[in-house]
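See below for the structure under consideration.
Letters go in sequence order (proteins before strands), and every chain restarts at 1.
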Amino acid sequence: MLRSHTCGALRADDVGKQVTLCGWVDTYRDHGGGLFVDLRDRYGLTQVVFNPPQTPDDVISASKSLRNEFVIKAVGEVACRPQGQDNPRLSTGEIEVRVESFEVLNECETPPFTPGQQEIPGEDLRLKYRFLDLRRASTQSTLVLRSHIIKTIRDYFDKHDFIDVETPILGRSTPEGARDYLVPSRVHHDAFYALPQSPQLYKQILMVAGYDRYVQVARCFRDEDLRADRQPEFTQLDMEMSFVDGDDVIAMIDGLVAQLAKEFCGIDLPTPLPRMTYDEAMERFGHDAPDLRFGMELIDCTDLAAESEFRVFRGPAESGGRVRGINAKGAAAKFSRKRIDELTEYVKQDFGAKGLAWFRVEDDGKLWSPISKNFADILLNKFAERMEAEPGDQLFFVADTWEVSCKALSGLRRLLGEELSLYKPTDMHFSWVVEFPMFEFDEEGQRWNAMHHPFTAPRPQDLELLRTSAGACRAQAYDLVINGSEAGGGTVRIHDQEIQKQVFDLLGIDPTTAEDRFGFLLDALKFGAPPHAGIALGIDRIVMLFGGMDNIRDCIAFPKTQKATDLMTGAPGAVDRQQLKELGVRVIPLSES
RNA sequence: GGGGCCGUAGCUCAAUUGGUUAGAGUACCGGACUGUCGAUCCGGUGGUUGGGGGUUCGAGUCCCCUCGGCCUCGCCA
């Protein structure tokens, strides 16, 4: 060991000890006669002092060459700081190390930015020089948090008799779900592996194999466009249980979430966590992962809209659409016409809404709007009553198809919730959304798609609907929602071949295709598959939410940019012609593709 | 593929309606200073305003193309 202590270890108790510290020069203050260095490692900062009489003259003059981010080893005695010169902002602020000798372990070129500086550099620079960015205290504490969260999760499942089984990274492409990352096979011309989107099929196989409680911290890959909370490779806490139903899985995760909340937020979370059906979530919030840190629920006014002469409202109301509104309580003064125009543009551009209607509630309780002349007074009063409008409120309405009204209003609700500070940044809310639809209709392909995946079991009482009305069929599926983010999702799996066949049939997967794609799973189901269910949690998102971050890149050591590149390594990059030849792969020029 | 924001010194930012030699803080270099902790003080280096084209007497500023970063719709569970 080159060091006797870390830079976060020393306290007043250690005064008088001879110590050796190693670390990076976080800042230095040259006083001519002497020099102060804040020496940094991942445990903290300790002030090391190059000053007479403890520090010999030649050592002091040598110390003048120190610069930011030099790596040094300093030997000296721990001393109390002079009276009144404690630094209460440092945990080591009562002491300092008076240097007797030191060694530069490595110099540092003038860095593009320093981890100790006040301003955080642009994200592109941080990603290019990730090794510098990762030296910053805040990124280090995030990765420490991540490590601790994962340890808590692992311990929790270990305590509950789960076993950790690794599954392959090189697997087989399944056209379901997201776009696969492909890896060409050298040995087999014209054949490709796919990186796993999740270990879904393997964990079901493990259930058939009798490993009735499986868990894995699994890296997953999806070749889709990125978002603030989506990376092309990400980490799931994947688990599966046999001889259980959905409630058992939910209860198991409830226990885990309560422990995480206790340990990392200091919250005593009552369990079971609240549950809401998908249908209720869409009706009340317009979203399948509603942010329940605040209210401002969607209120249906379709019946009232149908009574109006206003075509914009009456049209959708009479043609199967919906007219719904949200009430921004007491916020009318905060919405300038310009801001309302921006919000209108937002719902139009992002969700295809035709517009955004709005009313201000006047002091006399009457609704006022540029469009209010289109409504009889008596009808306006009904709207006001339905919306629980009080003077000073601002109402927004979207009149459109059910789908557009959900998307536009939930988007608006999320935006306004943040803008109007309807919750504290430290608030945490955990809940479940359950009973998702089994299928969603793909308008383009004019066919049903699995909402989760094709092995999701329908609710027992909905088995009949598989034949009669697929759209109404609800799944034994459940999503964990934290602060309006989908933090995880799982299902009870089909273990009955007959039901599986029906589902495939509905999805338009014929027996030959099914056999070709999932034959191994169907085989396994024939050989004594126990009832099983499971879930996968998004570790990155959970760390992001627990750490109060708004961006998934900040809790991943080496994340990718929005265009899925790594600015540090330059990945993805061109490869040697010979490599391609071995793989039997030829690149089509961009102009031809 | 669509929409939006951004790109000026190593870094963080400023620059009036399109107007003279593009500034500040910090970093860096040199000097001063015996206790600082965002040290201070004095001096200095540092710019293809992301790149290309255009409009104009004149472009950091306006227009077009392009590259890059971020947010978002589509996509994705």
Side-chain angles (χ1 to χ4, degrees), chain A residues 26-38 45-53 55 60 67-69 79 81-90 92-93 96 98 109-114 116-129 132 176-180 197-198 200 220-232 234 236 288-289 342 345-353 404 407-408 411 414-415 433 436 440 444 449-453 456 477-481 485-491 535-538 541 550-551 553 560-563 565 567:
Chain A
D26 193 66
T27 52
Y28 62 95
R29 297 173 288 280
D30 186 351
H31 278 254
L35 183 85
F36 299 85
V37 167
D38 288 336
L45 289 176
T46 298
Q47 172 164 279
V48 297
V49 185
F50 301 77
N51 237 359
T55 313
I60 291 181
R67 291 296 179 271
N68 289 326
E69 299 307 306
R81 294 191 180 193
Q83 191 76 35
Q85 292 191 1
D86 292 357
N87 185 344
R89 287 184 304 174
L90 293 183
T92 60
E96 63 192 17
R98 297 191 175 150
E109 287 183 17
T110 301
F113 62 92
T114 57
Q117 77 187 36
Q118 302 292 307
E119 308 108 340
I120 296 176
E123 193 165 359
D124 44 351
L125 258 196
R126 292 174 52 206
L127 292 175
K128 179 170 180 188
Y129 298 96
L132 295 179
E176 298 295 320
R179 196 176 290 114
D180 284 322
Q197 298 179 23
S198 80
Q200 181 62 38
C220 305
F221 306 85
R222 291 176 190 163
D223 188 5
E224 298 292 347
D225 285 351
L226 285 74
R227 288 287 185 280
D229 63 352
R230 255 162 49 188
Q231 282 273 302
F234 59 101
Q236 284 189 346
D288 62 359
E342 286 168 1
E345 197 46 44
Y346 166 63
V347 295
K348 282 171 143 176
Q349 174 61 42
D350 276 15
F351 307 109
V404 170
K407 288 182 175 177
R414 184 178 47 75
L415 205 67
V433 172
F436 280 73
E440 54 191 347
E444 254 178 63
N449 279 337
M451 196 153 182
H452 199 91
H453 57 62
T456 302
Y478 31 84
D479 274 8
L480 176 67
V481 178
S485 259
E486 180 199 333
T491 63
I535 192 169
L537 306 180
R541 281 189 190 169
D550 52 11
N551 161 347
R553 293 180 299 279
K560 305 252 183 318
T561 67
Q562 210 208 15
K563 290 201 174 137
T565 65
L567 293 180

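Side-chain to base pairing of A:R126 with B:rG69: no donor and acceptor N or O lie closer than 3.5 Å to each other. Taking 3.5 Å as the limit, the base of B:rC75 and the side chain of A:R222 contain no donor-acceptor pair of atoms between them. Between the side chain of A:E345 and the base of B:rG3, no donor-acceptor pair of N or O atoms lies under 3.5 Å. A donor N or O paired with an acceptor N or O is not found under 3.5 Å between the base of B:rG7 and the side-chain atoms of A:D124.
One atom, CD of A:Q562, and another, C1' of B:rC6, lie 13 Å apart when rounded to the nearest Å. If you measure from atom CG of A:D38 to atom P of B:rG35, you get 16 Å, rounded to the nearest angstrom. As a whole-Å value, the separation of A:L35 CG from B:rC33 P is 15 Å. Rounded to an integer number of Å, the gap from CG of A:N51 to P of B:rC37 is 14 Å. When the P atom of B:rC70 is taken as reference, atom CG of A:L567 falls 7 Å away, rounded to whole Å. The separation between A:Q349 atom CD and B:rG4 atom P is 7 Å, rounded to whole Å. When rounded to the nearest whole Å, the span between CZ of A:F113 and C1' of B:rC28 equals 17 Å.
Residue A:T565 places at least one side-chain N or O under 4.0 Å from the OP1 or OP2 atom of B:rG69. Between A:Q117 and B:rA27 there is no side-chain polar atom (N or O) within less than 4.0 angstrom of OP1 or OP2. The shortest distance between the side-chain N/O atoms of A:R29 and the OP1/OP2 oxygens of B:rU36 is not below 4.0 Å. Between B:rC28 and A:N68, a contact under 4.0 Å exists linking OP1 or OP2 to a side-chain N or O.
Side chains of A:T491 and A:H453 form a contact here, defined as non-hydrogen atoms less than 4.5 Å apart.
Nucleotide B:rG43 forms a Watson-Crick or G-U wobble pair with B:rC29, both donor-acceptor distances falling under 3.5 Å. When both pairing distances are held under 3.5 Å, B:rA22 makes no Watson-Crick or G-U pair with any nucleotide shown. Applying the Watson-Crick and G-U wobble criteria (two distances, each under 3.5 Å), B:rA15 pairs with nothing in any strand. Nucleotide B:rG74 forms a pair with no other nucleotide shown, judged by Watson-Crick or G-U wobble geometry with both contacts under 3.5 Å.
One P atom belongs to B:rG44, the other to B:rG25, and the distance between them is 12 Å to the nearest Å. Taking atom P in both B:rG23 and B:rA15, the straight-line distance is 14 Å, to the nearest Å. Atom name C1', nucleotides B:rC73 and B:rC37: the rounded distance is 49 Å, in whole Å.
Few gaps surround NZ on A:K560; more than 12 heavy atoms of other groups in view lie less than 6.0 Å from it.
Note on A:R67: only backbone sugar-phosphate atoms sit closer than 4.0 angstrom, heavy atoms only; bases stay farther off.
Comparing A:A178 and A:R414 against RNA chain B, the residue whose closest nucleotide sits nearer the 5' end is A:R414. Remark on RNA chain B: of its neighbouring residues A:P112 and A:F436, the 5'-side contact belongs to A:P112, judged by nearest-heavy-atom nucleotide.
Counting only distance, with no hydrogens or angles, the side chain of A:R222 and the backbone of A:Q197 share a donor-acceptor pair below 3.5 Å. A:R179 contributes a side-chain N or O that, together with a main-chain N or O of A:D223, makes up a donor-acceptor pair within less than 3.5 Å.
Here the closest heavy-atom approach between residue A:R541 and residue A:E486 is recorded as NH1-O, 2.8 Å.
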